[in-house]
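These numbers come from the heavy atoms of this one structure, side chains and all, not from hydrogens, waters or symmetry mates. In what follows, every chain begins at residue 1, and chains take the letters A, B, ... in the order their sequences are listed.
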Number of protein chains: 2
Amino acid sequence: MIKYQEVARNIRKKILNGEYVAGKQLPLEKEMCVYYGVSRITIKRALDELVKQGLVIKRRGSGTFVKSVEDEDIRELSALRQFTGFSETYKNCKVETTIIKFDIIHPSEEVAAKLQMTVEDFVYNIIRARYADGRPIVVEYTQMPIGLIPGIKRAILEKSIYSYIQKELQLKIQSAHRTLRAVMPNEMEQEYLRIKDTVMPLLEVEQVAFLDDGRPFEYSISRHRGDEIEFKTVSIK
Amino acid sequence: MIKYQEVARNIRKKILNGEYVAGKQLPLEKEMCVYYGVSRITIKRALDELVKQGLVIKRRGSGTFVKSVEDEDIRELSALRQFTGFSETYKNCKVETTIIKFDIIHPSEEVAAKLQMTVEDFVYNIIRARYADGRPIVVEYTQMPIGLIPGIKRAILEKSIYSYIQKELQLKIQSAHRTLRAVMPNEMEQEYLRIKDTVMPLLEVEQVAFLDDGRPFEYSISRHRGDEIEFKTVSIK
DNA sequence: GAGTGGTCTAGACCACCCC
DNA sequence: GGGTGGTCTAGACCACTCG
């Protein structure tokens, strides 16, 4: 539908299947214009997508080249599974969820500020433990404004909040601000993550997520077993 | 010099000093064209920068709005201090460095692959502990091809490799692929990070960094004290 | 229907790399 | 000097939001 995305997907495919070899030069932008029948700016936008994904690099005066990336996950990551929740990430596993807590409360001042509400308003207060193929992965603490995300029920929590938000409520997720830390588990986390008798560090991800229209709809803290989870990013100047 | 960057900086300034208020609509793209005397595409590119930085959001059919961000660090982060090393990040502190190891070795197969070299080639092998205002922060394991980054000396390691690369060698850093994990310290790290008698998780950052021309020039693992370091990101759909 | 940002074009000139 | 990608323009049409 949208041309630059079509072109980007097409070039991406050629890189991943080896038609364009790592370290080698891509066809010139001018040539691609002819090949795809689009203007040069459209080609540039397509290539800029791939730069953002970490798949190619451009050298002014020289050309565009396939970046050598051995890390399969980085290539995956570029496939923009950005805002999928736990269920989607582990869709090839048997996903189980234990609901530890599910009620409605007033947010703290800090959380109210991050969600742009007052402490008089209400939020869902959800604590869940998540398992993949029987292995404990993460304990998630989630707060969401009940006004923005109505109709949450236990059945939804046992599956995927994200798919409920996107498919049922037809809301679109635009961005997320994340902070990562290394921490130690508390007693409850030790229990649900089954690390009573071992020393296991956790990777904590604090997140504020925003809808399409700029409204923050989720404040969450996820604490992952350090031996199960790693977090990858590509940053470009 | 470059117009869209000028415009982006200007708008950014107005957001940060409160001239454009959080949650409120920015002037229309058309109006900005007149105000800045540039074409609409240039305004769009400027605004897209600010979207990438997490400072504004755009709604097709409605307008462009200032994102409400309480977290000062996110706003800082957007000021693209992306590829500054330890010394720059802590420039307001008294930075000290202990060189634990500094020699030249053959890389392992894994590292050779990531740095696009063979196990026959040579890399610097550097281990350093870094301190800010006397507080231990991180132990860094760094490997760099001697061919790409010649002339590393102890005096450089005690200050900043990054400033040597950029200022002395005039090389430009283009991107970095990072993987974050939560881990426990080994004995040596416990010593240099002064956590002999406490349980302290570490935030590990594994990184492959690339130059302007696409060549990887650094493979490093940094293990930070969990109570000193957090890592922030903004991701946009 | 009026107004917003999103996409796209054809063409121009510039900064940079390499021969 | 010849060729690369980077920036920019003026203008067009489209998709979406909102009254």
Taking it one step at a time, do B:Val234 and B:Ile236 satisfy side-chain contact (heavy atoms from CB on, under 4.5 Å)?
CA-CA 7 Å; B:Val234 174; B:Ile236 309 282; 3.9 Å; yes
Report the distance from atom [atom1] of [X] to atom [atom2] of [N], rounded to the nearest whole Å.
X	N	atom1	atom2	answer
A:Gln5	D:dA15	CD	P	14 Å
B:Arg215	C:dC17	CZ	P	12 Å
B:Glu31	C:dG3	CD	P	12 Å
B:Lys172	C:dC17	NZ	P	7 Å
A:Ile43	C:dA10	CD1	P	12 Å
A:Tyr36	C:dT7	OH	P	19 Å
A:Arg45	D:dC8	CZ	C1'	15 Å
B:Lys30	C:dT4	NZ	C1'	8 Å

Would you kindly check if the NZ (Lys) or CZ (Arg) of B:Lys159 is within the cone defined by 45 degrees around the ring axis of B:Tyr164 and under 6.0 Å from the six-membered ring centre?
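Here B:Lys159 fails the 6.0 Å and 45° test against B:Tyr164.
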Examine B:Arg59 relative to B:Phe65 and say whether NZ or CZ is less than 6.0 Å from the centre of the six-membered ring and inside a 45° cone about the ring axis.
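The answer is yes; both the distance and angle limits are met.
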Toward the 5' end of DNA chain D, which comes first, B:Val38 or A:Asp212, by nearest nucleotide?
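Taking each residue's closest nucleotide, the earlier one in sequence belongs to B:Val38.
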Nearest-nucleotide comparison on DNA chain D, the residue closer to the 5′ end among A:Met1 and B:Gly37
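Looking at DNA chain D, the more 5' nearest nucleotide goes with B:Gly37.
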With the side chain of A:Lys44 defined as its heavy atoms from C-beta on, choose the nearest nucleotide among D:dT17, C:dT9, D:dT7.
D:dT7
Proximal nucleotide (of C:dG6, D:dC18, D:dG6) relative to the A:Arg60 side chain
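Output: D:dG6.
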Classify the nucleic acid contact of B:Ile41 as base, sugar-phosphate or nothing, counting any heavy atom under 4.0 Å across all strands shown.
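Base, at least one base heavy atom under 4.0 Å.
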By the 4.0 Å heavy-atom rule, please label A:Lys3 as base, sugar-phosphate, or nothing.
sugar-phosphate
What about A:Arg40, does its side chain sit under 3.5 Å from the base of D:dG6 through a donor-acceptor pair?
yes
Do the side chains of A:Asp213 and A:Lys172 get close enough for a salt bridge, i.e. N-O under 4.0 angstrom?
no
[N] phosphate, OP1 or OP2, under 4.0 Å from [X] side-chain N/O:
X	N	value
A:Lys58	D:dG6	yes
B:Ser39	D:dT9	yes
B:Tyr4	D:dT7	yes
A:Thr64	D:dG5	yes
B:Ser62	D:dC16	no

Using ring pair (Phe, Tyr, Trp, His ring centres under 6.0 Å), reason through B:His177 and B:Phe210 one step at a time and then give a plain yes or no.
CA-CA 8 Å; B:His177 297 186; B:Phe210 295 82; 4.8 Å; yes
